[in-house]
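My questions will all concern the structure given below.
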Amino acid sequence: MYRTHNCGELRISDVGKQVRLSGWVQANRDFGAMTFMDIRDRYGITQIVFSLEEDKQLCESARKLGREFVIMIDGKVRERTNKNLNRDTGEIEIQVNGLQILNSSKVPPFTIEDDTDGGDDIRMKYRYLDLRRSPVQKNILFRSKLSLETRKYLSDLDFAEIETPFLIKSTPEGARDFVVPSRMNAGQFYALPQSPQTFKQILMVAGYDRYFQIVKCFRDEDLRADRQPEFTQIDCEMAFVTQEEVLNTFEGLTRHLFRHTLGLELGDFPRMKYDDAMRLYGSDKPDLRFDMVFVELNEVVKNKGFSIFDEAELIIGIKVPGKADMTRKQIDELTDWVKRPQIGAKGLVSVRYNQDGIKSSVDKFYDQDALQQWVELFGATQGDLMLILSGETDKVRKQLGELRLEMGRRLDLMKKGEFKPLWVLDFPLLEWDDDTQRFYAMHHPFTSPKKEQIEAMASDDREVLKNLRADAYDLVINGVEIGGGSIRIHDRALQAKNFKLLGFTPEEAENQFGFLLGAFEYGAPPHGGIAFGFDRLCAVLNGQNSIRDFIAFPKNNQGRDMMIDAPSEIASAQLDELALKLNIK
Ligand code: ASP
């Protein structure tokens with residue numbers, strides 16, 4: 001037997017027991033007469049002591065143990081004189097009376113402690129050592145708990161876990177596919193699924209009623225902190241449901257997950273239409289941990305001789321409470337911030353409501369009476385600062401949305417540990433792309449338009465089509481989209497109509513999605529569903545940004561796995577077998 005207890009288990013009530021522990025040497029402190037050591041495993045750290053007086057030979061072997069050696073010790077639990085109350089085992093230590101080295105270790109390239117001295121690259125290369133660190137282990141174990149709780153909640157509601165294939169058919173819609181050459185069908189390729197979307201719909205046609213899967217999805221896109229080429233979804237679908245039932249079911253899942261992982265009861269899940277989210281926050285995923293709702297000023301600022309506002313399509317601003325004391329210099333710095341190419345505003349108008357009146361950066365054009373009107377629209381009181389941007393509607397909304405978030409960050413309004421969920425509803429069905437001069441599905445081509453708008457889908461008028469709204473919804477928490485889904489089209493004719501709007505010829509639609517159109521001819525029930533970004537959910541629950549910290553073996557920003565060194569070249573014999581020829585310039 002390698003151990004009677006793990007390294008995180010012993011307490012003051014165990015004093016006097018003879019125990020055996022196994023684990024890794026974290027630290028070795030030699031004080032001559034005594035050698036103290038920390039021994040670590042997944043469950044914690046226990047201090048062990050070797051005494052020269054008690055056993056000289058044992059003490060000498062102990063001094064030779066390096067960091068990360070794997071050892072097994074026998075000893076007696078005793079109360080520590082110098083207690084460490086930050087550690088669960090900090091009231092006791094083990095007086096060692098037996099030692100066995102189970103394996104030695106090279107000196108690790110970085111310290112395996114909570115705060116490590118290793119840079120990103122080296123930790124990715126030696127991922128097995130990074131994974132040994134307690135904060136990383138905590139994240140990975142959190143993830144395991146989250147998937148277990150997901151399964152519990154969904155299986156209690158009769159959701160069946162059904163696997164769908166990874167080798168599927170490539171389609172040009174959506175993101176770029178990862179493709180896999182087929183040896184047995186030379187010149188042909190599988191694609192890895194971007195999501196199991198069509199399969200889960202087919203499962204509804206097949207009568208499985210409620211499906212879920214915690215499943216890998218693959219998208220060949222440029223990477224960021226919150227994006228990986230392979231990522232995990234909690235993918236779900238339900239038959240015979242309305243949007244209302246889907247929202248309630250997955251509000252329930254979210255509440256269950258917060259309750260059973262963080263012990264936290266979430267508050268309301270308010271609902272907001274996409275159009276309102278854009279109008280009031282300039283984003284389809286507003287962070288509701290703070291206000292600063294947009295105020296529209298068109299009516300009160302135009303025709304006063306200030307050409308920038310006169311020419312603008314939209315003039316909007318936010319009220320920053322209590323910040324009228326910002327200095328000129330600080331406002332200039334903020335102006336530079338909004339003018340950076342990443343934000344792209346042309347300028348910033350500021351209004352400070354101070355003791356001595358209302359002061360704006362455009363006083364030349366607007367007198368106190370005019371500014372008083374602005375202040376009323378903002379609902380501002382003395383001490384408040386107002387920040388105003390103008391320009392084309394979509395652009396200026398986005399810019400002010402960024403400024404709002406920046407002010408939230410600067411004023412420390414996005415509190416860690418606070419969670420504000422939000423359903424965003426009624427997304428547009430279609431999105432026009434100027435470059436390719438065509439519509440794309442805002443969510444995906446299987447999303448149902450709102451019932452009352454089906455007729456309008458026959459219109460040729462681009463504006464009418466842009467205004468079509470879908471039964472599509474996103475779940476947002478603290479400004480992060482953690483899930484999205486829709487009620488689906490389940491009627492062959494309507495699906496064909498939607499493909500047509502997306503620029504598919506009937507042949508293309510048949511060629512790519514014929515199986516689904518075919519299935520719709522054999523009694524497809526009304527259905528709808530959702531998918532949660534599982535990695536992101538892990539990160540959001542922990543108040544973190546990077547999903548990489550919640551994936552055991554992530555890729556770096558170049559899409560490489562640094563530990564196994566992938567992707568890599570393959571032998572020419574392998575290429576031949578796949579009937580492939582490289583053409584690298
Ligand atoms: N398959 C969709 C996605 O990956 C989610 C859904 O509509 O259920 O975004």
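In listed order, ligands and their atoms are each counted from 1.
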Going by the atom numbers of ligand 1, which of them fall below 4.0 Å from some non-hydrogen atom of I530?
8 (O)

Are any of the N/O atoms on Q197, whether in the backbone or the side chain, positioned under 3.5 angstrom from an N/O atom of ligand 1?
yes

Okay, side chain of D426, backbone of A472: is any donor-acceptor separation there less than 3.5 Å?
no

With F446, which of I489, I487, L516 fulfils side-chain contact (heavy atoms from CB on, under 4.5 Å)?
L516

So which bit of R219 gets within less than 4.0 Å of ligand 1, heavy atoms only: side chain, backbone, both or neither?
side chain

Is the contact between K200 and ligand 1 made by the side chain, the backbone, both, or neither, using heavy atoms and a 4.0 Å cut-off?
side chain

Q233 neighbourhood, listing ligand 1 atoms whose heavy-atom distance to it stays under 4.0 Å:
3 (C), 4 (O)

Judging by distance only, is a nitrogen or oxygen of R488 under 3.5 angstrom from one on ligand 1?
yes

Holding to salt bridge (Lys or Arg N to Asp or Glu O under 4.0 Å), I want the full list of residues that pass it with K152, two or more places apart in sequence or in another chain.
E149

Taking heavy atoms and a distance under 4.0 Å, where does A531 meet ligand 1: side chain, backbone, both or neither?
both

Short N or O distance, D235 and ligand 1, threshold 3.5 Å exclusive:
no

So, is E237 polar-close to ligand 1, with some N/O to N/O distance under 3.5 Å?
no

Mind checking ring pair (Phe, Tyr, Trp, His ring centres under 6.0 Å) for F419 and listing every partner two or more places apart, or none if nothing turns up?
F258

Part of Q194 within contact of ligand 1 (heavy atoms, under 4.0 Å)
neither

Would you sort out whether K273 and D275 count as a salt bridge (charged side-chain N to carboxylate O under 4.0 Å, His left out), showing the intermediate values?
CA-CA 5 Å; K273 289 189 174 172; D275 289 336; over 6 Å; no

